[in-house]
Amino acid sequence: MSAVAPIDTVRGPLVGGRYEVLSRLGEGGLGSVFRALDRLTGRLVTLKRLRLTAEEEDLENARLALAQEFRVLAALRHPNIVSTLDYGFDDARQPYLAMDLEEGARTITEAAAEAPTSTRADLLVQLLRALLYLHRHGIIHRDLKPENVLVVDGQVKVIDFGLS
């Protein structure tokens, strides 16, 4: 179940005229990931923003890569794969991707560190189910690592399909 926040006043910058940035969750080579409020629905979401500063051809390739990630994720519906909600461009023509916010998420290695063997096995089974689902749909993740396999309340969520 997604978190819902009250919609009253804008506190942070708006992205796409809809997503109010609340805090930074992480940073990668091409951009940043934020906790944001979807002012249309009142839901808290994860907002992935690309930071494109390269030449025109590279900008177009990066935009196409994010569009591809959205296309891949939007077609997927599995309990162990993060749900994608929206894709667009901000006022500076920088692309963004909105996904379900996984509050309290830990990497699979963090979640398994002190867990009993039965819990570790269950986490691996969930991951394998997600991979089986992806492969049956002709998708190879290509960047599978602990940071891209989150666990929230005992449920695995595979994220970051940028290289799929």
(message) Show the nearest heavy-atom pair for residues Val15 and Val21, with the distance to one decimal.
(response) CG2-CG2, 3.7 Å
(request) State, without any angle test, whether Ser32 and Arg24 hold a side-chain donor-acceptor pair at a distance under 3.5 Å. (result) yes
(message) Less than 4.5 Å apart, side chain to side chain, heavy atoms only: is that true for Asp90 and Leu14?
(response) no
(request) Classify the side-chain pair Asp38/Thr41 by whether it contains a donor and acceptor separated by less than 3.5 Å. (result) yes
(request) Determine the minimum heavy-atom distance between Arg43 and Leu85, stating which atoms define it. (result) NH1-CD2, 3.9 Å
(request) Write down the atom of Thr84, the atom of Ala74, and the distance for their closest heavy-atom approach. (result) CB-N, 4.3 Å
(message) Between Asp86 and Tyr19, does the side-chain hydrogen bond (donor to acceptor under 3.5 Å, both in side chains) criterion hold? Intermediate values first, please.
(response) CA-CA 10 Å; Asp86 190 22; Tyr19 301 99; 2.7 Å; yes
(message) When you compare the side chain of Leu101 with that of Leu25, does any pair of heavy atoms fall below 4.5 Å?
(response) yes
(message) Working to the nearest 0.5 angstrom, can you tell me the gap between Leu47 CG and Tyr96 OH?
(response) 7.5 Å
(request) Kindly compute the distance separating CD1 (Ile81) from NE2 (His137), expressed to the nearest 0.5 Å. (result) 8.5 Å
(request) Look at the side chain of Glu110 and the backbone N and O of Ala105, then say whether any donor-acceptor pair between them is shorter than 3.5 Å. (result) no
(request) State, yes or no, whether a side-chain contact exists between Arg35 and Glu103 at a heavy-atom distance under 4.5 Å. (result) yes
(request) Quick one: pull up CG in Leu134 and NE2 in His141 and give me the separation to the nearest 0.5 Å. (result) 7.5 Å
(message) Classify the ring geometry of Tyr87 against Phe89: parallel below 30°, tilted from 30° to 60°, perpendicular beyond 60°.
(response) perpendicular
(message) Can you tell me which residue among Val151, Val152, Ile159, Asp153 is in a side chain to side chain contact (heavy atoms under 4.5 Å, CB included) with Glu102?
(response) Val152
(message) What's the separation between atom NZ in Lys145 and atom OG1 in Thr107, rounded to the nearest 0.5 Å?
(response) 12.0 Å
(message) Determine whether a donor-acceptor pair (N or O, by modelled atom type, separation under 3.5 Å) exists between the side chain of Gln155 and the backbone of Pro79.
(response) yes
(message) Test of understanding: clusters of I, L, V, M, F, W, Y form through side-chain heavy atoms closer than 4.5 Å, transitively. Do Val45 and Leu37 belong to the same one?
(response) no
(request) May I ask you to test the Thr46-Val33 pair for a side-chain heavy-atom distance under 4.5 Å? (result) yes
(request) Taking Tyr133 for its side chain and Arg77 for its backbone only, find out whether a donor-acceptor pair lies under 3.5 Å. (result) yes
(message) To the nearest 0.5 Å, what is the distance between CZ on Arg120 and CG on Leu123?
(response) 9.5 Å
(message) If we check side chain to side chain contact (heavy atoms under 4.5 Å, CB included) with Val149, which of these qualifies: Asn80, Thr109, Leu144, Leu131?
(response) Leu144
(request) Can you establish whether the number of heavy atoms outside Arg136 located under 6.0 Å from its atom CZ is more than 12? (result) no
(message) Between Gln126 (side chain only) and Val156 (backbone N and O only), is there a donor and an acceptor less than 3.5 Å apart?
(response) yes
(request) Looking only at non-hydrogen atoms, find the nearest pair between His78 and Arg129 and report the distance. (result) NE2-O, 3.8 Å
(message) Could you check whether any side-chain heavy atom of Leu22 comes within less than 4.5 Å of a side-chain heavy atom of Phe34, counting everything from C-beta outward?
(response) no
(request) For the pair Ile139 and Leu76, evaluate side-chain contact (heavy atoms from CB on, under 4.5 Å) and give the outcome as yes or no after the intermediate values. (result) CA-CA 10 Å; Ile139 299 165; Leu76 302 177; 3.6 Å; yes
(message) Quick check: do Arg39 and Glu20 have side-chain heavy atoms less than 4.5 Å from each other?
(response) yes
